[in-house]
Amino acid sequence: MSEHCHHHHHHGEVTAKSVKLLILSFAINMFLSVAEIIGGIVSGSVALVGDALHNTSDALSILIAVIAFKIGNKKASAKYTYGFKRAEVIGGFVNLILLFISGCYLLIEGIGRLIKPEQIEGMIIIWISVLALIVDLFTAKISHQGAHHNTNMKMVFIHNLADAFGSIGVIISGLCIVWFGVYSVDGIVALLIAFYMIFQSVVSFPKIVNILMNAAPDNIDIEQVKNCILEIEDVRGVHHLHLWNISEHSVALECHVESCNVDIVPIVADKLKDKFGINHCNIQVETTSCGECCDL
């Protein structure tokens with residue numbers, strides 16, 4: 001006998017208002033990126049172009065979050081029986097690759113500017129970076145409204161805040177050029193932004209790959225889950241236990257439970273939900289063990 005138990009969670013869901021704010025934030029960030037790229041080309045500043053690349057990456061991550069929210073809200077179908085929540089993970093995977101490539105490009109350009117500094121128009125850098133700082137702080141304020149309740153909004157807020165610090169760095173670069181004629185500082189700021197981009201992509205990469213590979217969540221010990229089930233009265237054994245993330249916040253479990261009590265499924269599901277936050281269970285109850293009849 002097998003039963004399926006699915007507990008729905010509404011904490012951290014993105015509201016329609018939050019999506020509108022994300023779209024506004026995306027539009028503003030893309031406008032800023034275009035302004036920074038033009039300003040970087042005109043002034044000759046690789047740091048400003050680097051800040052534009054980072055800002056573009058953040059804008060794309062906002063767009064991905066919006067698209068993923070729209071797709072993720074689609075109902076499950078006969079083909080996609082788990083629904084479309086993992087669209088957000090796939091989008092994040094694509095965004096990380098783009099972030100890493102942009103970081104590597106900026107790293108090469110920054111090293112080139114340190115080896116051979118070029119003359120730069122410092123005042124253009126300063127004015128555009130001041131504009132960027134204002135936009136970064138404004139978009140950070142927008143995303144901060146939902147940052148306490150949703151991870152996507154929290155990440156958007158953190159990235160916008162980091163962009164603000166990046167803009168401050170480029171402003172300092174422009175001031176050093178105007179006041180002291182030190183052009184090499186442009187390359188240094190570009191390298192700092194590049195290292196940040198590469199670091200963020202490398203650190204986030206394993207988590208996303210683990211979700212795509214159906215690995216057990218890092219914060220849940222599968223042996224503890226097994227022992228938790230075995231502690232329940234009437235449970236004689238547990239086998240073929242699998243644990244994975246359907247999406248970033250939705251954890252699924254399936255297992256075979258040996259028990260004479262065929263009504264034990266909701267008891268097991270409720271305990272797993274309360275102790276580990278596992279909100280999607282597929283539990284098969286066996287009065288006699290199936291042994292090793294299953295490959296997985």
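We number each residue from 1, following the sequence as shown.
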- Task: Flag the pair V182 / I177 as yes when at least one side-chain heavy-atom distance between them is below 4.5 Å, and no otherwise.
- Result: no
- Message: So, applying side chain to side chain contact (heavy atoms under 4.5 Å, CB included) with N227, which one of V225, I229, L230 is it?
- Response: L230
- Got a second to check how far Q200's CD is from S204's OG, nearest 0.5 Å? 5.5 Å
- F84 atom CZ, over 12 foreign heavy atoms within 6.0 Å: yes
- Query: Do any N or O atoms from the side chain of N282 and from the backbone of C255 form a donor-acceptor pair under 3.5 angstrom?
  - Reply: no
- S167 versus D136, side-chain donor and acceptor atoms under 3.5 Å: yes
- Query: Would a 4.5 Å heavy-atom cut-off, applied to side chains only, mark V235 and V238 as touching?
  - Reply: yes
- Query: Closest approach of A59 and F26, non-hydrogen atoms and distance?
  - Reply: O-CD1, 3.1 Å
- Which heavy atom of G40 sits nearest a heavy atom of L48, and at what distance? N-CD2, 3.5 Å
- Give the C-alpha distance, both sets of side-chain angles, the deciding distance and a yes or no for side-chain contact (heavy atoms from CB on, under 4.5 Å) between I171 and V130. CA-CA 7 Å; I171 290 172; V130 168; 4.0 Å; yes
- Run the numbers on K275 and C228 for side-chain contact (heavy atoms from CB on, under 4.5 Å), then give the verdict. CA-CA 9 Å; K275 189 168 183 178; C228 177; 3.9 Å; yes
- Look at the side-chain heavy atoms of Ile, Leu, Val, Met, Phe, Trp and Tyr, link any pair under 4.5 Å apart, and say whether I97 and F100 land in one connected group. no
- Item | Joint cluster assignment, I115 & I188, ILVMFWY side-chain distance < 4.5 Å | yes
- Message: Distance check, rounded to the nearest 0.5 Å: L107 atom CG versus I193 atom CD1?
- Response: 12.0 Å
- Message: Using 0.5 Å steps for rounding, measure from the OG atom of S173 to the CD1 atom of I168.
- Response: 13.5 Å
- Is it true that a side-chain atom of S259 and a backbone atom of D234 form a donor plus acceptor pair closer than 3.5 Å? yes
- Query: Is the number of heavy atoms from other residues, nucleotides or ligands under 6.0 Å of E233 CD greater than 12?
  - Reply: no
- Query: I41, L53: one ILVMFWY side-chain cluster at the under-4.5 Å cut-off?
  - Reply: no
- Item | In one Ile/Leu/Val/Met/Phe/Trp/Tyr side-chain cluster, 4.5 Å: V265, L241 | yes
- Nearest heavy atoms of G39 and I124, plus distance in Å: O-CG2, 3.9 Å
- Query: Of the non-hydrogen atoms in I125 and S43, which two are nearest, and what is the gap between them?
  - Reply: CG1-OG, 3.7 Å
- Query: Just by modelled atom types, is the A132 backbone N or O under 3.5 Å from a matching donor or acceptor in the S129 side chain?
  - Reply: no
- Query: Got H280 and I246 here, is their nearest side-chain heavy-atom distance under 4.5 Å?
  - Reply: yes
- Minimal heavy-atom distance between S102 and M197, with the atoms involved, is CB-CE, 3.4 Å
- Value rounded to 0.5 Å, distance of CZ in R236 from SG in C260: 4.0 Å
- Query: Considering only heavy atoms from C-beta outward, does the side chain of V268 approach that of C281 to under 4.5 Å?
  - Reply: no
- Task: Starting from the C-alpha separation in whole Å, work towards a yes-or-no answer on side chain to side chain donor-acceptor pair (under 3.5 Å) for E286 and H239.
- Result: CA-CA 11 Å; E286 299 172 347; H239 53 275; 3.1 Å; yes
- Item | M123/V178 under side-chain contact (heavy atoms from CB on, under 4.5 Å): CA gap, chis, key distance, verdict | CA-CA 7 Å; M123 288 307 300; V178 172; 3.9 Å; yes
- Message: Give me the atom names and distance for the closest heavy-atom approach of I220 to F276.
- Response: CD1-O, 3.7 Å
- Task: Before giving the answer on side-chain contact (heavy atoms from CB on, under 4.5 Å), spell out for L191 and I111 the whole-Å C-alpha distance, their side-chain angles and the decisive distance to 0.1 Å.
- Result: CA-CA 7 Å; L191 288 177; I111 292 172; 3.9 Å; yes
- Message: Let me check something: do I101 and V209 share a hydrophobic cluster, defined by ILVMFWY side-chain heavy atoms less than 4.5 Å apart, either directly or through other members?
- Response: yes
- Item | Ring center gap for F205 and F93 short of 6.0 angstrom | yes
- Message: For the CD1 atom of I278 and the NZ atom of K271, what is their distance to the nearest 0.5 Å?
- Response: 12.0 Å
- Item | CG-CG distance between L243 and L253, expressed to the nearest 0.5 angstrom | 5.5 Å
